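Notes follow once the structure below has been shown.
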Amino acid sequence: MSKLRVTVNHNKCVGSQLCVQFLPAVFKLNEKGQSVIITTKEIDQQSIISTAEQCPQCAIKVLDADTGEVFFPPAELEF
Amino acid sequence: MEVTNLSDDLMTKEVIADPHGYYRQLRAADPVHYNERWGGWILTAYQDVVDVLRDANRFSSDRMGFLAQELSQEEQELIAPIFKILSYWMVFRDPPEHTTIRLLLNKHFTPLAIERYRPMVKKIVQKTIQKSIAKGQIDFIKDFAYEIPMSVILELLGAPDLDRDKIKEWSEKIGVFFFIKADEPRRREIACEGINELVDYLTPLIEQRRERPGIDLISLLISAEEAGSLTYNDVLATCVLLVFGGHETTMNLIANGTLAFMQHPDQWEKLQKDPSLLKKAVEELLRYDGSVKSTVRWAKEDVMVGGKQIKKGERLLVSLSGANRDPQQFNNPDGLDITRDPNLHVAFAHGIHVCLGASLARMEVEESFLGMISMLKCPKMIPGTDLSYYPSLVHRAIKELPVILEPIN
């Protein structure tokens, strides 16, 4: 399986905490109440993508760490 | 306490007509202001607003719980129907109850999940525009903005044949309680009537879905009840919330956005020339004149906000429209700029209570304007129109928007 890179765009994150609810091992809140990554080690691609989908802001991006291919979100969902 | 020259009366004709002007002055003079008349703090600076909205540990949304503390037992009994339903609305609940319902519903309202409704919305928009062109002059709110969100929410509930006019009437009555017509002396009685009527209308539908489940949201709620994660009160109240919350705010958003374009026709033309700006334009319309002006929180403990000491139990009117025009966060905040980026506005709030229907509303507004710019010249107000807004602390709602629509060719 490809190595994942996960980013949270702080120009988008509104601190809904949905990602923290779904994957508390991967996401936590910083002091501003926005989401940050703890670690993506040992997390499977499907869980991370289905969590990224929950974000109302499409603030979470999931990419292939080597090729840069974007697994989520598709370009047409970004705003 | 700082002294401002501004009156604490938030319901004057001037403040209702131009809340942005009022909040601009208040933000400059006293961004965390104790409003004696309202009996709570008014927050108008972006950073304070965001800090409070993102902190559900120290700021509660338990509106009915705090209201119960203010009312006698007798007064509470008088508005029992309001308590019975609104106490179970997730917007007025704190974790962990809020979290259970939110997580259950959220997966049906994600940006990806709502895409399945886009073709339907496109069709409704096309049909509505064609009907409107044929008329030439319309009340944009009644004839256009209302049609789209109402059709969509009924589709989500799997009940497209429900009586829209009745639902609108009852929703307006419920809205009297806390959104619209704060000057109405019978507002609590009217809201009780609206809730009772809507509950009587929805109850048989819920029972029907229990017998014959579908893929709609009512069936989803019932299956969560049967699995033990929701109560029947949660199911009923959430159905009322979806019907009530599902159309009014989006309708106002489409109307406020259209008015903003009418006042800035250069931005309309810019979007017409480059429709790829659509998503950014929608964000800017949300920031510039969203449909929800403010939301309320209660301090769960003594806490400092913007250098002021807020005491446990005090309430805060968190001004979303104030924050959205804060020059500390946005360049030229009173200008409409459909290319603005980044644009982290608070029109849908921030934090755990960020609007469940945000992605749905965005899509409906996108499709409305995409349809309009493809088929219409920038709408024009019918001359002599005296624009007025419902007197509300919360909603930014134009009463009527009579416009002339002209097709491009």
Side-chain angles (χ1 to χ4, degrees), chain A residues 2 4-38 40 43-64 69-79, chain B residues 47 49-59 95-96 98-100 102-115 118 276-284 286 320 329 340-363 365-366:
Chain A
S2 45
L4 297 177
R5 188 157 76 86
V6 183
T7 61
V8 179
N9 182 346
H10 284 184
N11 282 329
K12 288 270 186 270
C13 176
V14 294
S16 74
Q17 302 185 25
L18 288 154
C19 54
V20 180
Q21 291 291 339
F22 281 99
L23 278 183
V26 176
F27 298 97
K28 65 171 184 180
L29 296 182
N30 66 12
E31 70 289 351
K32 290 180 177 169
Q34 290 185 303
S35 174
V36 289
I37 310 287
I38 307 166
T40 52
I43 195 78
D44 67 280
Q45 191 169 319
Q46 201 40 51
S47 313
I48 197 87
I49 289 176
S50 59
T51 296
E53 279 176 15
Q54 297 297 317
C55 177
Q57 297 287 109
C58 284
I60 303 168
K61 198 171 229 177
V62 185
L63 313 97
D64 185 311
E69 183 194 348
V70 177
F71 296 129
F72 191 86
E76 65 273 18
L77 287 189
E78 284 193 273
F79 59 87
Chain B
Q47 197 55 55
V49 164
V50 161
D51 288 347
V52 168
L53 292 176
R54 289 184 191 165
D55 188 354
N57 291 330
R58 292 193 294 176
F59 297 97
H98 166 269
T99 318
T100 309
R102 177 70 193 227
L103 295 188
L104 176 75
L105 288 176
N106 197 72
K107 49 180 103 97
H108 300 272
F109 286 89
T110 65
L112 191 62
I114 58 92
E115 282 300 311
R118 193 181 287 273
S276 74
L277 292 170
L278 183 63
K279 283 181 189 265
K280 283 193 176 60
V282 171
E283 295 310 300
E284 178 65 348
L286 281 157
L320 306 177
Q329 176 69 16
R340 195 182 291 276
D341 187 28
N343 190 352
L344 190 54
H345 60 74
V346 296
F348 292 121
H350 278 204
I352 63 167
H353 287 284
V354 64
C355 176
L356 172 73
S359 304
L360 187 58
R362 281 182 167 119
M363 183 271 281
V365 179
E366 277 167 31

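Proteins come first, then strands; the chains are lettered A, B, ... in the order of their sequence lines, and each starts at number 1. Source: prediction; values computed, not measured.
- Arg54(B) places no side-chain N or O within 3.5 Å of a backbone atom of Gln34(A) that could act as its donor or acceptor partner.
- With a 4.5 angstrom heavy-atom cutoff, Gln21(A) touches chain B only via side-chain atoms.
- Heavy atoms closer than 4.5 Å to chain A are found in both the backbone and the side chain of Lys107(B).
- When side chains are defined from C-beta on, Val50(B) does not count as touching Lys32(A), because their heavy atoms never get closer than 4.5 Å.
- Both the backbone and the side chain of Glu53(A) come within less than 4.5 Å of a heavy atom in chain B.
- Atom OG of residue Ser16(A) and atom NE2 of residue His353(B) lie 12.0 Å apart, to the nearest 0.5 angstrom.
- With sequence neighbours excluded, no residue forms a side-chain hydrogen bond (donor to acceptor under 3.5 Å, both in side chains) with Asn9(A).
- Contact record, Asn106(B) with Gln54(A): ND2-OE1, 2.9 Å, taken as the closest heavy-atom pair.
- Across every non-hydrogen atom of Pro111(B) and Pro56(A), the tightest pair is CG-O, 3.8 Å.
- When every heavy atom of Leu344(B) is checked against every heavy atom of His10(A), the shortest pair comes out as CD2-O, 3.7 Å.
- For chain A, the option among Met363(B), Glu283(B), Lys280(B) with the highest count of heavy-atom pairs below 4.5 Å is Glu283(B).
- Interface remark: of the candidates Gly351(B), Ser359(B), Pro342(B), Gly351(B) forms the most heavy-atom pairs closer than 4.5 Å to chain A.
- Contacts between Gln47(B) and chain A at a heavy-atom distance below 4.5 Å are absent for every atom of the residue.
- By the 4.5 Å heavy-atom criterion applied to side chains, Leu18(A) and Leu103(B) are counted as neighbours.
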